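Each remark here refers to the structure printed beneath this line.
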Amino acid sequence: RTDGLPAVAGLAHEWRNGLTGKYLAGLWEKDLLNHLRWMPDEAEPEEPDEKKPGEEAEYIAPSWSWLSVQRGVTWGVESFIDDTFFVDVDLSRTDCQPKKANNPLGAVTSGYIFLKGRIMPLTLSIRGKTVWLEKKGHETKKELERPDNLSRLRNLPDKVVYCLRFCRRPTTRNAYDDDSALVLAKEILSFSV
């Protein structure tokens, strides 16, 4: 489980240049917004009961990194050209702490990003492996397609998540699918005034 970042470190070393910017646990700083558009491409595996009661799971990668999900991911086949983003990233407040100082492209001990945009609180409900999102006071529910961590969502105490409007793809003709959003759990949000 901990081999992901060390395994891709060699590729990151080869690809790193002035156009990529800082390496952030499998994503590149200069194209961070597009790199955050990953989604799981495989079903979430059943969690093996490897840890003892009270034992913390070993840190792998930040939840916003594709390497955190331990399964195949995709960025889709659509072009990212001319997409409109509704968030800004503050790169001065975005970083990953390498586990070993002499290997900044390998394993990390932590990572954080700072995004600024509009959020909307939503309530989630889970039936089997299907997650539904609902805005308080509205009857319409929207399925959360391909959640990256169903077990984390199941363990949220108040079943509230935050939807961050992320981007719009102008090439689609179906208004229903034009916008995409990031669904954030309360424990990973940081608010500032």
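Keep in mind it's a predicted model, so treat the numbers as computed, not measured. In what follows, residues are counted from 1 in the order of the sequence shown.
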Inset, instruction - Test side chain to side chain contact (heavy atoms under 4.5 Å, CB included) on D83 and R37 and set out the steps. - result: CA-CA 12 Å; D83 287 358; R37 293 166 55 161; 2.5 Å; yes

Inset, instruction - Report whether M120 and V161 are members of the same hydrophobic cluster (ILVMFWY, side-chain heavy atoms less than 4.5 Å apart, transitive linking). - result: yes

Inset, instruction - With rounding to the nearest 0.5 Å, note down the distance linking CG in L144 to CG in L124. - result: 8.5 Å

Inset, instruction - Flag yes if L91 and F86 sit in one hydrophobic cluster, no otherwise; membership is Ile, Leu, Val, Met, Phe, Trp, Tyr, and two members link when side-chain heavy atoms are under 4.5 Å apart. - result: no

Inset, instruction - Could you list the residues that satisfy side chain to side chain donor-acceptor pair (under 3.5 Å) with D148, not counting sequence neighbours? - result: none

Inset, instruction - Can you see which heavy atom on N34 is nearest to which on D31, and at what distance? - result: ND2-OD1, 3.0 Å

Legend entry - side chain to side chain donor-acceptor pair (under 3.5 Å) against N17, all qualifying residues, sequence neighbours excluded: none

Inset, instruction - Enter the distance from W64:CH2 to T94:OG1 here, rounded to the nearest 0.5 Å. - result: 7.5 Å

Legend entry - From W75 atom CH2 to M39 atom CE, the distance as rounded to the nearest 0.5 Å: 10.5 Å

Inset, instruction - For atom NZ of K100, decide whether the heavy atoms of other residues, nucleotides or ligands shown that lie under 6.0 angstrom number more than 12. - result: no

Inset, instruction - With sequence neighbours left out, write down each residue that passes salt bridge (Lys or Arg N to Asp or Glu O under 4.0 Å) with D41, or none if nothing qualifies. - result: R146

Legend entry - Over all atoms of both residues, closest heavy-atom pair of S68 and A61: CB-O, 3.8 Å

Inset, instruction - For residues L27 and L32, report the shortest heavy-atom separation together with the two atoms involved. - result: CB-CD1, 4.1 Å

Legend entry - Worked verdict on R154 versus E44 for salt bridge (Lys or Arg N to Asp or Glu O under 4.0 Å): CA-CA 13 Å; R154 287 186 198 282; E44 187 171 4; over 6 Å; no

Inset, instruction - Go through the steps to decide whether I60 and T2 satisfy the test side chain to side chain contact (heavy atoms under 4.5 Å, CB included), and finish with yes or no. - result: CA-CA 6 Å; I60 305 295; T2 59; 3.5 Å; yes

Legend entry - Separation between CD of E143 and OG1 of T130, rounded to the nearest 0.5 Å: 5.5 Å

Inset, instruction - For T109, check side chain to side chain donor-acceptor pair (under 3.5 Å) against everything at least two apart and list the hits. - result: none

Legend entry - Gap separating the CG atom of L122 from the NZ atom of K141, nearest 0.5 angstrom: 12.5 Å

Inset, instruction - Locate the shortest heavy-atom distance separating L33 from V87; write the atom from each residue and the value. - result: CD2-CG2, 3.6 Å

Inset, instruction - Kindly say whether the aromatic ring centers of F85 and F166 come within a distance under 6.0 Å. - result: yes

Inset, instruction - Report the distance from atom NZ of K142 to atom SG of C163, rounding to the nearest 0.5 Å. - result: 10.5 Å

Inset, instruction - Please step through side chain to side chain contact (heavy atoms under 4.5 Å, CB included) for the pair L105 and W15, ending with a clear verdict. - result: CA-CA 11 Å; L105 304 179; W15 292 338; over 6 Å; no

Inset, instruction - Could you name each residue pair satisfying salt bridge (Lys or Arg N to Asp or Glu O under 4.0 Å) that touches residues 6-28, not counting sequence neighbours? - result: K22-D95

Legend entry - Minimum heavy-atom distance between Y112 and R93, given as atom pair plus value: CD1-O, 3.3 Å

Legend entry - hydrophobic_cluster_shared for W132 and L150, side chain cutoff 4.5 Å: no

Inset, instruction - Step by step, work out the side chain to side chain contact (heavy atoms under 4.5 Å, CB included) result for V131 and V183. - result: CA-CA 12 Å; V131 179; V183 176; over 6 Å; no

Legend entry - Taking every non-hydrogen atom, the tightest pair across L153 and P147: CD1-CB, 3.9 Å

Inset, instruction - Could you check if a side-chain atom of W28 sits within less than 4.5 angstrom of a side-chain atom of H35, using non-hydrogen atoms only? - result: yes

Legend entry - For K129, side chain to side chain donor-acceptor pair (under 3.5 Å) partners two or more places apart: E46

